Each structure stands twice: as C-alpha cells, then as structure tokens.
K.L.:
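Mind looking over this structure? Questions follow.
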Amino acid sequence: RRNPPLIGCLVYDFCQVRFQPTLERPNRVPQSRFPFPIAAGGRFRILGCRHGLVLIFHDSQKQLLVWDPVTRDQHSLDIPPGFNKKTLMNAAVRRAIGDFHHFQVVLVGNSDMQCTQAVASVYSSSTRVWDKLISTPLPSENSGAPTMVYPGMPAVMVGDSFYWLLCGNSQGILEFDLDKQSLALIPMPMGNTADMRDGNIWVMLAEGGGLGFVFLRGFLVQLWKRRTSCKGVASWLLGRTVELDKLLSLNLEKQIECPRILGFAEVNNVVLLWTLTGIFTVQFELLHFKKVLESKHWYSYYPFEGVYTADGGIGGGPYGAKALHNMCLLYSGC
C-alpha cells in the first residue's frame with residue numbers, strides 16, 4: 001500500500017490562506033475544495049497538518065482550532081493553565097492510534113511561572129481534557145531574551161515523538177515523547193550558527209529512519225542523522241551532502257536568490273524547496289525530485305497529505321464518508 005499522497009499545500013501569502021493543489025489531472029483536487037475556516041484579516045497562525053487534520057492557533061480568540069478540510073469539522077480548544085501567553089507557543093495534532101474518530105493535540109511553550117521552563121500538555125478529544133503539565137529546563141543566559149519554541153517550523157513527527165526548533169536565547173530542538181510523556185532538549189548539529197529566518201534548517205526523518213536534520217547553505221544541502229552509541233551516548237552524524245544546482249539542473253547564473261526550505265511532508269519524507277525556477281518536492285534518500293508549483297515568492301507553505309475519493313470521478317464532486325474511511329485506514333495502519 002502506498003503512502004497517502006501530497007495532494008496540495010495550504011499557502012499563506014500574508015493576506016489570506018488558499019489551498020494549492022499539487023497532483024496532476026485527473027487526480028487534482030479543485031482549489032476551491034478546502035475553503036479556509038477563518039476569514040481574511042483574522043489573526044491566526046497555521047501550526048501544521050497531519051493525518052488529514054489542520055491545526056491553527058487563533059490568536060484573536062486565544063484558542064487552538066482543529067480543522068478537518070474533508071469533512072469540514074472544527075474543534076476549538078482553550079489554552080490550558082500553566083502556559084505563558086506572552087511568549088511563543090506551538091502545537092501538533094495527530095489522529096488517535098486505532099481510533100480515527102478522535103485526535104490528540106500536544107501544546108508546548110514556556111511556563112507562566114518561570115520562562116526558563118518549557119512545558120507541554122496533551123489534549124485528547126475522547127476525554128475532552130488536557131493532561132497534567134510536563135516540564136523541562138531551558139537554557140538560561142543573561143541575554144534578556146528567553147528561549148522559546150520557534151513558530152516558523154511546524155512540528156515534525158518521527159516515530160512516537162514530536163520535534164520543534166527552539167529560538168531566542170539559545171537554539172536547539174525540543175522533543176516530546178508521546179509514549180514516555182517526557183520533554184527533552186537536543187542540540188542542533190551546527191550549534192547556534194544557523195539563521196532560522198533564512199529558511200535553511202528543518203527537522204526531518206533521517207535516511208534509514210530516526211531523527212534527521214537538513215541544513216541548507218547556498219545550494220549545498222547537508223543531511224544529518226541522530227545516532228546513539230552502544231554506551232548510550234547520542235550524537236549527530238553527517239550522512240551526505242547534495243548539490244542542489246546539479247540535482248535540480250538549476251542554472252546558477254539565473255538563480256539570483258538561494259533556495260529556501262518551505263516545509264516537510266513527513267508521510268512521504270519529502271522536503272518542499274523554493275527556487276526561482278519553482279517549488280520542488282525532494283526525496284533526498286532516493287534523490288527523487290518533482291516540480292510541483294510555479295511561484296516567484298516564498299510564502300508560507302503547509303504540505304497536506306491525504307487520501308480521497310470523489311463521487312462522479314476522482315477530482316470532482318463532493319467528498320463523502322468513503323473518503324474519510326479510506327484516509328483513516330491508511331493513517332491507522334489497518
């Protein structure tokens with residue numbers, strides 16, 4: 001059974017959000033099929049997409065919104081006590097294992113009691129409550145800026161853990177283990193030298209499995225893998241380097257701007273890359289790539305992977321219960 005395909009991206013152009021399909025006809029989903037649930041002008045942040053669900057932080061209402069674009073169901077969640085609402089927060093969503101009717105949300109941020117503590121809580125739609133807070137210390141130097149969860153990269157799920165980037169006082173990776181219900185800090189392979197604003201770093205699935213990291217400098221990509229020695233000591237290992245201009249056949253004389261990482265589609269393990277030539281999906285393990293979109297601008301892109309069927313032919317007509325059932329069979333591994 002193949003993975004659910006990348007059927008498109010939610011694109012935020014700093015004014016509104018639109019769905020941009022990426023499949024070829026006849027499987028192409030109409031652009032108007034997934035109207036965004038928040039009106040233009042509202043204050044919000046898209047936190048990521050997973051298992052056919054979209055997670056949004058509605059800043060105007062200080063709530064999280066779980067949106068299913070296929071069924072158009074929406075679930076609003078209040079931020080639980082214990083989180084500092086003056087600092088950055090991030091979150092991730094997934095469907096509950098073995099029960100596709102329910103979902104879980106993991107919220108991470110700074111403690112409202114002490115900014116040098118990261119806190120996390122898990123919400124379950126089956127119980128409709130947030131679990132108790134889980135915390136871990138954050139790096140604390142006298143720089144005046146607390147270490148916070150970086151809002152520019154959605155969580156990446158590897159195995160049974162979610163990963164976010166940290167920014168501010170110190171850079172790193174924040175891990176939440178769903179099985180152990182624990183938070184941990186992981187250093188980045190290159191320390192604090194990377195500039196997150198340049199769109200050149202991202203957490204990803206490593207070649208062969210496990211936690212990976214991609215670092216883009218100019219047109220050169222470094223792929224890192226987290227490994228643990230027989231003594232239980234974890235460290236980063238540089239796996240391979242890839243020259244994007246050669247892989248994508250880019251004319252460097254016409255590339256007046258360097259490529260940027262836009263996102264990561266974790267089910268298909270592909271990185272979304274922006275270039276002046278267009279937007280590509282790249283599977284670095286197999287060195288496969290495909291140009292999926294034309295764009296001269298590097299807006300915020302959120303890959304949406306899913307399975308669907310349509311009445312009256314694929315790509316047209318309303319989506320029904322069969323679509324949701326097929327999607328959830330794949331996500332739950334049934």
Side-chain angles (χ1 to χ4, degrees), residues 45 47-48 50 55-59 61-66 75-94 96-97 102-189 191-192 196 201 203 210-211 213 226 228 232-236:
R45 280 193 294 123
L47 302 181
R50 183 173 294 101
L55 185 60
I56 305 164
F57 178 64
H58 203 311
D59 190 56
Q61 301 179 10
K62 298 300 180 184
Q63 288 182 325
L64 293 169
L65 177 66
V66 179
H75 304 269
S76 296
L77 314 176
D78 291 326
I79 303 298
F83 286 82
N84 189 332
K85 296 181 181 179
K86 296 182 179 179
T87 59
L88 298 173
M89 290 181 284
N90 213 322
V93 64
R94 73 165 184 175
I97 297 176
H102 292 289
F103 61 85
Q104 292 176 308
V105 172
V106 180
L107 177 66
V108 292
N110 294 75
S111 168
D112 63 352
M113 300 294 292
Q114 193 174 6
C115 271
T116 55
Q117 290 276 334
V119 290
S121 183
V122 180
Y123 174 89
S124 171
S125 64
S126 60
T127 62
R128 298 185 180 182
V129 296
W130 291 92
D131 287 345
K132 64 179 182 180
L133 286 180
I134 300 166
S135 64
T136 192
L138 290 170
S140 57
E141 299 177 4
N142 296 323
S143 65
T147 300
M148 297 178 288
V149 183
Y150 179 57
M153 188 198 85
V156 173
M157 189 175 184
V158 179
D160 293 317
S161 294
F162 284 121
Y163 297 90
W164 295 267
L165 291 179
L166 294 171
C167 64
N169 178 50
S170 180
Q171 294 184 8
I173 300 171
L174 181 65
E175 175 192 37
F176 182 80
D177 190 309
L178 287 155
D179 283 343
K180 298 178 181 178
Q181 295 286 292
S182 63
L183 278 172
L185 300 183
I186 300 173
M188 291 197 300
N192 290 341
M196 298 179 183
I201 59 176
V203 177
L211 178 62
F213 194 87
R226 190 76 170 166
T228 303
V233 179
S235 62
W236 287 103

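Source: prediction; values computed, not measured. Numbers here are sequence positions counted from 1.
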K.L.:
Distance-only, no hydrogens or angles: does the Thr147 side chain make a donor-acceptor pair with backbone N or O of Ser170 under 3.5 Å?
P.N.:
yes
K.L.:
Can you find a heavy atom in the side chain of Phe57 that is under 4.5 Å from one in the side chain of Leu107?
P.N.:
no
K.L.:
Mind checking what makes side chain to side chain donor-acceptor pair (under 3.5 Å) contact with Ser124, not counting sequence neighbours?
P.N.:
Ser126
K.L.:
So which of His75, His102, Gln104 actually passes side chain to side chain donor-acceptor pair (under 3.5 Å) with Ser125?
P.N.:
His102
K.L.:
Measuring from atom NZ of Lys85 to atom OG1 of Thr87, what distance do you get when rounded to the nearest 0.5 angstrom?
P.N.:
11.5 Å
K.L.:
Between side-chain atoms of residues 112-123 and protein atoms elsewhere (two or more places apart, or another chain), which donor-acceptor pairs fall under 3.5 Å?
P.N.:
{"from": "Gln114", "atom 1": "NE2", "to": "Thr116", "atom 2": "OG1", "distance (Å)": "3.2"}
{"from": "Ser121", "atom 1": "OG", "to": "Asp131", "atom 2": "O", "distance (Å)": "2.7"}

K.L.:
Would you say that Leu211 contacts Glu175 through its side chain, given a criterion of any heavy-atom pair below 4.5 Å between the two side chains?
P.N.:
no
K.L.:
With rounding to the nearest 0.5 angstrom, report the CE to CZ distance, Met157 to Arg50.
P.N.:
6.5 Å
K.L.:
Can you tell if the side chain of Phe213 reaches within under 4.5 Å of the side chain of Ile173, non-hydrogen atoms only?
P.N.:
yes
K.L.:
What's the spacing between Lys180 NZ and Ile134 CD1 if we round to 0.5 Å?
P.N.:
13.0 Å
K.L.:
Output the distance between atom CH2 (Trp130) and atom CG (Asp78), rounded to the nearest 0.5 Å.
P.N.:
9.5 Å
K.L.:
Answer whether the closest heavy-atom distance between the side chains of Arg226 and Tyr163 falls below 4.5 Å.
P.N.:
no
K.L.:
Between Trp164 and Leu47, is there a side-chain heavy-atom distance shorter than 4.5 Å?
P.N.:
no
K.L.:
Please round to the nearest 0.5 Å and tell me the distance separating atom CD1 of Ile186 and atom OG of Ser161.
P.N.:
8.0 Å
K.L.:
Is there side-chain contact between Arg45 and Asp59, with at least one heavy-atom pair below 4.5 Å?
P.N.:
no
K.L.:
Mind checking whether Met153 and Asn90 have side chains closer than 4.5 Å, heavy atoms only?
P.N.:
no
K.L.:
Working to the nearest 0.5 Å, report the span between OG of Ser182 and CZ of Phe176.
P.N.:
7.0 Å
K.L.:
Just one of Met89, Gln61, Gln63 clears the side chain to side chain contact (heavy atoms under 4.5 Å, CB included) bar with Ile79, so which one?
P.N.:
Met89
